[in-house]
Structures are given as structure tokens and as C-alpha cells.
Amino acid sequence: MDDRNAMRAFSRQSRALHRYSRRRFLRAWAALLPTPWVIPARAVGLEAKTTPPSERITIGLIGLGAMGRGHLAHMLQFPEVQVLAVCDVDRWRREDAQRITHQTYAAKQPSGAYRGCAAYHDLRELLERQDIDAVIIATGDRWHALATVLAAQAGKDIYCEKPCSLTIQEARVMMDVVRRYGRIFQGGFQQRSSPEFVRACQLVRQGVLGKVRCVYVNFPGTSEEVNLPPEPVPEGLDWELWLGPAPWRPYHHRFHPYGMPRGVVPWHFCRDFGGGNLTSNAVHAFDVVQWALGMDDSGPVEIIPPETGQVPVLTYKYAMGTVLQVVPGRLNPNVQEIPPKWDPQTVIQPFGALYVGDNGWIHVGREGYLVAHPAEILQHAPKTKSEDRPVYNHHLNWLGAIRSRSDPVSNVESACRSTIVSHLGCIAHWTGRGLRWNPVEECFLDDYQANLLRSRPMRQPWRLE
């Protein structure tokens with residue numbers, strides 16, 4: 001299959017798997033983005049009687065695509081936060097974010113005016129600001145590790161979108177640097193702040209399922225080597241800085257549609273920029289699998305891709321015997337064991353997981369989805385009183401951790417190790433071989449080529465250190 005046909009095939013699969021999740025995503029952000037997107041002053045709470053300026057956490061946002069705009073909307077709601085700067089290589093996006101910030105804060109000022117948010121096109125200029133306490137990184141994957149390291153070195157606390165890195169080696173550097181500089185890091189795995197996931201993972205960890213034999217998650221598929229024809233770079237887009245440490249390639253609108261974002265991760269089909277569904281979507285499920293299995297400081301020991309002919313789908317094995325499979329939506333009775341009282345027509349919840357143990361199963365997904373067999377399993381953990389606003393809760397958890405200087409729920413180790421699980425799957429697909437992995441040494445056993453794929457060279461002048 002040539003590059004163009006491969007790209008089309010991958011795009012069809014990705015669109016089908018994204019349809020359900022994209023509707024949910026757009027509904028969720030729509031509530032936060034009314035026209036003209038001016039948040040009421042009472043929600044911002046800038047009065048001295050709520051949070052004095054000297055006590056606010058000052059924030060800069062780096063990357064203002066669909067996710068970055070959503071993060072900005074949340075930050076503008078928090079009275080304990082002051083957004084001082086926004087940054088994007090796309091002029092329309094950074095100017096629009098600056099305008100929104102000014103309008104929102106101006107609505108509370110007696111004068112009706114506010115001009116205190118700076119707009120940058122180079123993240124290094126934002127990071128030089130001594131008056132910024134923390135940053136939210138919502139760039140593409142190619143920038144996540146580098147932006148995190150630069151932010152940590154600049155003394156900023158960090159919220160970084162998933163996946164944390166583009167490679168395994170980048171994830172390791174992030175873990176080391178964040179700890180070395182004593183920064184607070186929250187990974188964008190908001191399901192750790194979502195009541196249904198907290199409850200499900202607590203139950204699995206309590207052992208109510210007995211031995212967990214299998215876990216099933218959704219969103220298979222990785223990225224391809226593709227070549228798109230060059231197009232003129234839109235005026236107002238710094239294409240060189242958009243690419244950053246990634247290999248140079250000509251601009252194409254599929255990678256970055258200039259102006260208003262039209263998708264969450266439009267570039268993830270290209271291997272230079274992402275790992276496809278495994279790193280963009282399945283990584284959320286990998287995170288709650290790692291959490292539930294008590295593997296936040298470890299990972300699987302074997303990865304077998306379907307290209308080997310040994311398994312029907314991408315399969316991970318953990319040292320304690322648990323098998324994790326990435327299925328295309330539903331369990332297939334011809335190739336997978338169907339748990340008791342499980343309807344094979346049931347779709348594995350996007351971003352969620354089905355945990356199957358000796359004593360039954362738990363199926364968890366977003367927006368309060370939590371079912372089990374036997375149903376009595378759910379009685380072992382009380383319902384949380386937290387409102388189901390996972391992103392909002394996740395931000396609150398991060399802000400609280402900044403003030404207390406303690407780890408948030410998705411600290412740098414757990415976030416990076418969940419990201420590594422997605423990279424392991426990509427490398428297994430790319431090599432077409434079963435791989436054995438040492439999660440302590442973070443290396444493949446007896447596979448030179450696979451070990452080479454743990455890292456990638458960065459385009460000059462960018463480097464991690």
C-alpha cells in the first residue's frame with residue numbers, strides 16, 4: 001500500500017472511531033464557549049474580596065488549538081487564577097485568545113477595560129516572564145517534552161496535555177527534569193479526576209474482581225509514514241516554529257488548518273508528529289489501566305502486535321499475568337473470551353476500560369458510565385460526592401497541588417509511564433514483532449531495532465537536556 005492509500009485507510013478508521021468521542025468533546029466545550037465567549041465577571045471573581053491579586057496563581061497558556069482554547073475557558077473561570085499570557089505560532093489563534101481574555105477580565109473592571117494579557121508566538125519569550133507561576137502546554141506531541149523541560153528550567157509549574165511525549169526517551173527526560181527542578185506537574189489525564197473512574201479503579205485495586213485476567217480498551221491504530229504535497233504557508237503562521245524539533249516537511253493544511261481549530265489532533269496520522277489513535281486516544285484508557293493495576297511506576301513486560309499472526313489485536317502482557325488488548329469497538333466471540341453476562345454487541349467505552357476478573361467484571365467510561373457483573377460489586381465502593389466535571393476537577397487538583405507543593409493525581413511519573421505504554425504499542429506495530437520490555441531499565445530485551453525507536457533526533461537547534 002503506498003503512502004497516500006495508507007493515509008486514506010488510516011483516516012477512514014480514525015474518523016469512524018473519533019465520531020462518537022468528537023461529539024462528546026464538542027458538546028462539552030460548547031458549554032464553555034458561548035459567542036462572544038465572555039465569561040461573566042462573577043464567574044471570574046476578580047474582586048479583592050474573593051482572591052486578592054497577590055494571592056492568584058499566574059498562568060501562561062502555550063498552544064491554543066481546540067484543547068488550548070478549552071483550557072483557557074476553564075482558567076478564566078477560576079478566581080484564584082490570573083491569565084497573564086497566551087502563546088501560539090498561529091497569529092489568529094493567539095490574538096483571538098488574547099481578545100477573549102481581555103474581554104472576560106474587562107467585564108469586571110469598573111472602567112470596562114483590561115489589557116493585561118500578552119500574546120507571544122515563541123514560547124521562550126513567555127517562559128522568560130518572571131511573573132508567571134505556571135504554564136499549560138497544549139501544543140502538538142512534538143513539543144510536549146521540550147516545552148515541559150524548558151518550563152521546568154524556567155521555574156514554572158506545568159500542566160501538559162497527553163500524550164506527555166513523542167518518544168519513550170523524551171518521557172524519561174521529562175520525569176528526571178521535573179523532579180530535578182522541583183516542579184509540580186499534572187498530566188492531561190483528567191479521568192483521574194472523574195468520579196466514575198476513581199470508583200472503578202478503587203474497586204479493582206481493592207481486589208473485588210479477584211485476579212484481573214483481562215482488560216479491554218478501545219481505539220486501535222497507529223500513525224503512518226506519509227508525504228503530502230506542499231502548500232503555501234498561510235500568512236500569520238510560523239511554520240518553522242510549528243515544526244520545532246520535528247523533521248522539516250512542507251506545510252499542508254491537514255497538519256495545521258490556520259485560524260479557528262477544526263479538530264483536536266489533526267496531525268496525528270503523520271508519524272513525525274504523533275502515534276495515531278494509540279497516543280491520541282487509547283492513551284487515556286492505558287492510564288486508567290495502569291492506575292487500576294497498580295502499575296503507575298511500572299508497565300507491561302511483553303507487547304504482541306497482530307502483524308505477528310499470534311494475536312487478533314494489539315496485546316500487552318503484565319508480569320502478574322494480566323493481559324491488555326486494544327479492540328476495535330466490540331469483543332469478537334470468535335477470538336476473545338466473552339465474560340459471563342456480557343453482551344457482545346456492547347461497545348467498549350471510548351477512553352474507558354473493561355476489567356475482567358475471576359469474580360466478575362467492571363466496565364467504566366466517561367460521563368458517569370459504570371456497570372458491573374455481578375451488580376453488587378459496585379456496592380463495595382461508595383459513590384463520590386464530587387460533581388462529574390473531570391477537566392474542571394483536574395484543574396482544581398493541579399492548582400491545589402501548586403499551593404501545597406504536593407503531587408497532583410496525574411504526576412509526572414504516572415503520566416509519562418502511561419504515555420510509554422502507548423509508545424510500546426506503536427513500536428510493536430512499526431516493527432511487526434513481538435517485543436519483550438523491561439519497565440525498570442526502560443529498554444527492549446534482545447531487539448536492537450526496537451531500542452533505536454525509543455528516541456528520535458531533534459531538528460537543530462532544539463535539544464533536551
Side-chain angles (χ1 to χ4, degrees), residues 162-164 186-219 281-300 316 318-327 339 342 348-398 401 406-422 439:
K162 58 76 200 167
C164 291
Q186 178 87 299
F189 294 101
Q190 70 270 19
Q191 292 177 169
R192 294 202 177 212
S193 297
S194 187
E196 64 272 11
F197 285 97
V198 172
R199 195 171 174 213
C201 292
Q202 178 184 358
L203 287 168
V204 175
R205 291 172 70 95
Q206 286 176 346
V208 298
L209 294 180
K211 177 180 173 57
V212 179
R213 295 185 285 106
C214 303
V215 186
Y216 300 102
V217 301
N218 206 333
F219 284 119
N281 299 303
V283 69
H284 276 298
F286 294 151
D287 183 61
V288 294
V289 171
Q290 289 272 111
W291 189 24
L293 296 181
M295 290 285 110
D296 276 348
D297 60 350
S298 186
Y316 298 83
Y318 286 83
M320 69 282 206
T322 302
V323 173
L324 165 64
Q325 290 196 327
V326 187
V327 301
W342 177 266
I348 302 297
Q349 284 286 301
F351 315 110
L354 169 62
Y355 305 92
V356 181
D358 292 337
N359 300 335
W361 50 262
I362 295 172
H363 187 197
V364 61
R366 292 184 176 180
E367 298 184 356
Y369 186 95
L370 181 61
V371 296
H373 172 77
E376 295 76 34
I377 284 176
L378 299 182
Q379 298 176 2
H380 290 273
K383 290 185 178 180
T384 175
K385 295 182 180 179
S386 300
E387 187 176 350
D388 189 9
R389 296 187 295 172
V391 178
Y392 184 90
N393 295 343
H394 209 49
H395 285 141
L396 277 180
N397 178 261
W398 177 54
S406 59
D407 266 350
V409 293
S410 181
N411 65 33
V412 67
E413 284 85 10
S414 67
C416 284
R417 288 188 180 275
S418 294
T419 294
I420 287 173
V421 175
S422 67

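For the numbers below, each heavy atom of this structure counts, side chains included, while hydrogens, waters and symmetry mates do not. In this chain, numbering begins with 1 at the start of the sequence shown. Owing to the predicted nature of the structure, the values given are computational and were not obtained by experimental measurement.
Once rounded to the nearest 0.5 Å, the distance linking CD1 of I362 with CG of L378 reads 6.5 Å. Interatomic distance, CG of L209 versus NE2 of H373, reported as 11.0 Å (0.5 Å rounding). With rounding to the nearest 0.5 angstrom, the CG atom of D296 is 9.5 Å from the CZ atom of R417.
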Quiz prompt | Stepwise side chain to side chain contact (heavy atoms under 4.5 Å, CB included) check, L354 with V356 | solution = CA-CA 6 Å; L354 169 62; V356 181; 3.9 Å; yes
Self-check item: Verdict with reasoning, V371 to W361, per side chain to side chain contact (heavy atoms under 4.5 Å, CB included)
Solution: CA-CA 9 Å; V371 296; W361 50 262; 3.9 Å; yes
Self-check item: Residues V208, N359; criterion side chain to side chain contact (heavy atoms under 4.5 Å, CB included); working and verdict
Solution: CA-CA 7 Å; V208 298; N359 300 335; over 6 Å; no
Quiz prompt | Step-by-step side chain to side chain contact (heavy atoms under 4.5 Å, CB included) determination, V409 to Q186 | solution = CA-CA 7 Å; V409 293; Q186 178 87 299; 4.0 Å; yes
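Between V364 and R199 there is no side-chain heavy-atom pair separated by less than 4.5 Å. Using a 4.5 Å cut-off on side-chain heavy atoms (C-beta onward), V283 and F189 make contact. With contacts defined as side-chain heavy-atom distances shorter than 4.5 Å, the pair T419/F286 does not qualify. Contact check for Q290 versus P300: side-chain heavy atoms found under the 4.5 Å cut-off. H284 places a side-chain heavy atom less than 4.5 Å from the side chain of K162. The shortest distance between side-chain heavy atoms of M320 and L293 falls below 4.5 Å. Counting heavy atoms from C-beta outward, E413 and D297 have side chains that stay 4.5 Å or more apart. Side-chain contact check for Y355 versus V288: some heavy-atom pair is nearer than 4.5 Å.
Between F351 and F219, the ring-plane angle classifies as tilted under the 30° and 60° cut-offs.
A distance below 6.0 Å separates the ring centres of Y369 and H363.
Exactly one residue among S418, S414, S410 makes a side-chain hydrogen bond (donor to acceptor under 3.5 Å, both in side chains) with D287. That residue is S418.
Side-chain contact, R366 with Q191: a donor N or O sits under 3.5 Å from an acceptor N or O.
What you find for A353 and V289 is that their closest heavy atoms are CB-CG2, 4.2 Å. Nearest heavy atom pair, residue S193 against residue P390, reads CB-O, 3.8 Å.
Of the possible polar contacts, one joining the H394 side chain to the G187 backbone as a donor-acceptor pair under 3.5 Å is found.
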